[in-house]
Amino acid sequence: MSGRGKTVRLTMAQALVRHLANQFIMIDGEKTRLCGGGFAIFGHGNVTCLGEALYNHRMELPLWRGQNEQSMAMAAIAYAKQKLRQRFMFTTASAGPGTTNMLTAAGIAHTNRLPLLMLAGDAFQTRLPDPVLQQVEHFGDPSLSVNDAFKSVSRYWDRITHPAQIIQSLPAAINTMLDPADCGPAFLGLPQDTQGWAYDYPLAFFEERVHRIRRQTPDQEEIAAAAEMLSAAERPIIIAGGGVQYSKATTELAAFAEKHNIPVVETIAGRANLLFEHPLNCGPVGVTGSNSANQLAEKADVILAVGTRLQDFTTGSWTAFDQGAKIIGLNVGRHDASKHLSLPVVGDAKLSLRLLSAAMEDHTASTGWSGFAADERAAWNHYVDENIRPGNRPMSYAQVIGAVNELCDPRDRVVAAAGGLPAEVTANWRTKSLGTVDVEFGFSCMGYEISGGWGARIAQQEDEPDRETIIFTGDGSYLMLNSDIYSSVLSGKKLIIVVCDNGGFAVINKLQNNTGNVSFNNLIKDCNLAVEPFAVDFEAHARAMGANAETVESIAALKEAFERAKASDRTYVISLKVDAFEGWTQEGHTWWETGIPAVTDRKEIDAARKDSEESRRKQRQGV
């Protein structure tokens, strides 16, 4: 029976949760709940009212207890990423530091265009008890709170000062998170008193609603112009970004490339758009790329950029391409489609690639160009073969990645984030199955690895419970945020975590040295210490949080340990040491712009600055 004209009296918090629980989405013809549940750390700002409402809907919206507000929001982000932005999770934190802990995670979601619903406690709307616990005071603006800090990292932001507001604000937040072009985090500030205020809500607000992700058809004239430009190209390439996966357009990408004989290179977010064995998959492009992809990018005269925001690691700070190359930006977002005066094709990738292919008819790129691409691909694959081979040398990231890659199931999911591992995974991982790689390098957030792995595992168990979530993390990221090892054991969401200990922040030490600086404050041994430097016993630490764990000292031992990890009934941590200086992937890099002192007493820094300025000559300046 319709609820039109009828009302029900509820608190604002009860109405918010009830509405959220009645939102559904069609995915591949099946109806499922839009919100996969949430993560919570309760405090005085959210436990009494919102906590009561969540308890009453705990079956429809499963709630997971986090150990840290930042990490639980990261888990929600990884869940949404694995669900290709078609489902999301919420996070709720108390007023004050509980909420501000989520700020970094909001930056990840905003940068990577991922949905995240944040429900944050706030001070009292009446202000009668002010100043309250954990409230910052702005003497000239009493309406300002720490929650305002989220405006810069939210796609949608509101403070609910009256219970009626959620009738408009909550659907607006949901619509923002589901919009392919504007997708990102939504933040709702919930004052403690307002959460408990009652209102006569229309019953229609709680009727079941089934959502669908919009597929925007591109403009015909834009398609025609892009088809003409691509057909006239002598050396075209496709840069495939993460948007290809969000559009579920991997089949269309492969078909387009095959029909028109155009080589494909992948961004970091677009890893696993094509299988490694696909003959037109020419590797990752950019700063953390491959010789093959970067050779093609440098020589291409037309670049079709599909579903990418063209971040500096993709473009080599805009030096990876010939300055005369033309760019076609095929993207559901106008902002991304138009970068560097690209010819924009604003539309859904799946629909747009089909239409663009039809407009190009049977045109194919030259066999000479595709032959050159094949030769470059073969040369790069030979380099990776040697790079991941153990040999008689110190253990390296590449060797670790190669060993796990060899033994994992094609549908296992790989998670990496900050430090040196994203570059090494991007360069050396060989995709066995589409959509199985999550390298978070948009915000490049240390600590995402384990927390994101937990969220990814929650998503994975819904669809592929027999597969594994494999996490590559360095010692620095592990020490920054590891408590979700405990979360994963408590919740029965098994992870395989490979900890590569290189004695500190080794990749930043590498950058420090490469720009002429001395090692300082990055490797543990180069820090301000009161004792002799020592390593953390990661095996013992992981065991203390309930995980199974072991330490290995060779790649052969790693392979044996990985088999034990696969057989384990709970999270399994494998710790090993890798060299901080030797074993880095040396090939495949483009220039990356970093600040270098113009005045220095070190000749090494001066030489690095001159080299950098020489490389800058290739930089495209916005066109």
(request) Decide whether Asn273 and Glu266 meet the rule of one side-chain donor and one side-chain acceptor closer than 3.5 Å. (result) no
(message) Test salt bridge (Lys or Arg N to Asp or Glu O under 4.0 Å) on Lys81 and Glu440; report intermediate values, then the result.
(response) CA-CA 10 Å; Lys81 186 171 186 180; Glu440 193 294 289; over 6 Å; no
(message) Is a donor from one side chain sitting under 3.5 angstrom from an acceptor on the other, for Asp484 and Ser71?
(response) yes
(message) Tell me whether the NZ or CZ atom of Arg65 lies within the 45° cone about the ring axis of Tyr486 and under 6.0 Å from its centre.
(response) no
(message) Is it true that Thr367 and Asn261 share a donor-acceptor pair across their side chains at a distance under 3.5 Å?
(response) no
(request) Please check if any side-chain donor atom of Ser488 sits under 3.5 Å from a side-chain acceptor atom of Thr571, or the reverse. (result) yes
(request) Could you check whether the rings of Phe321 and Trp318 sit parallel, tilted or perpendicular, using 30° and 60° as the cut-offs? (result) perpendicular
(request) I would like to know whether Glu468 and Lys494 meet salt bridge (Lys or Arg N to Asp or Glu O under 4.0 Å); could you show each step before the answer? (result) CA-CA 8 Å; Glu468 306 283 0; Lys494 176 196 166 186; 3.0 Å; yes
(message) Please tell me whether Glu539 and Ser575 have a donor and an acceptor in their side chains that are separated by less than 3.5 angstrom.
(response) no
(request) To the nearest 0.5 Å, tell me how far Ile555 CD1 sits from Arg389 CZ. (result) 12.5 Å
(message) Under a 3.5 Å threshold, yes or no: a donor from one side chain and an acceptor from the other, between Tyr397 and Asn502?
(response) yes
(request) Kindly confirm or rule out a cation-pi arrangement of Lys510 over Trp584, judged by NZ or CZ under 6.0 Å from the six-membered ring centre and within 45° of its axis? (result) yes
(request) Please check if the side chain of Asn294 supplies one atom and the backbone of Ser290 the other of a donor-acceptor pair under 3.5 Å. (result) yes
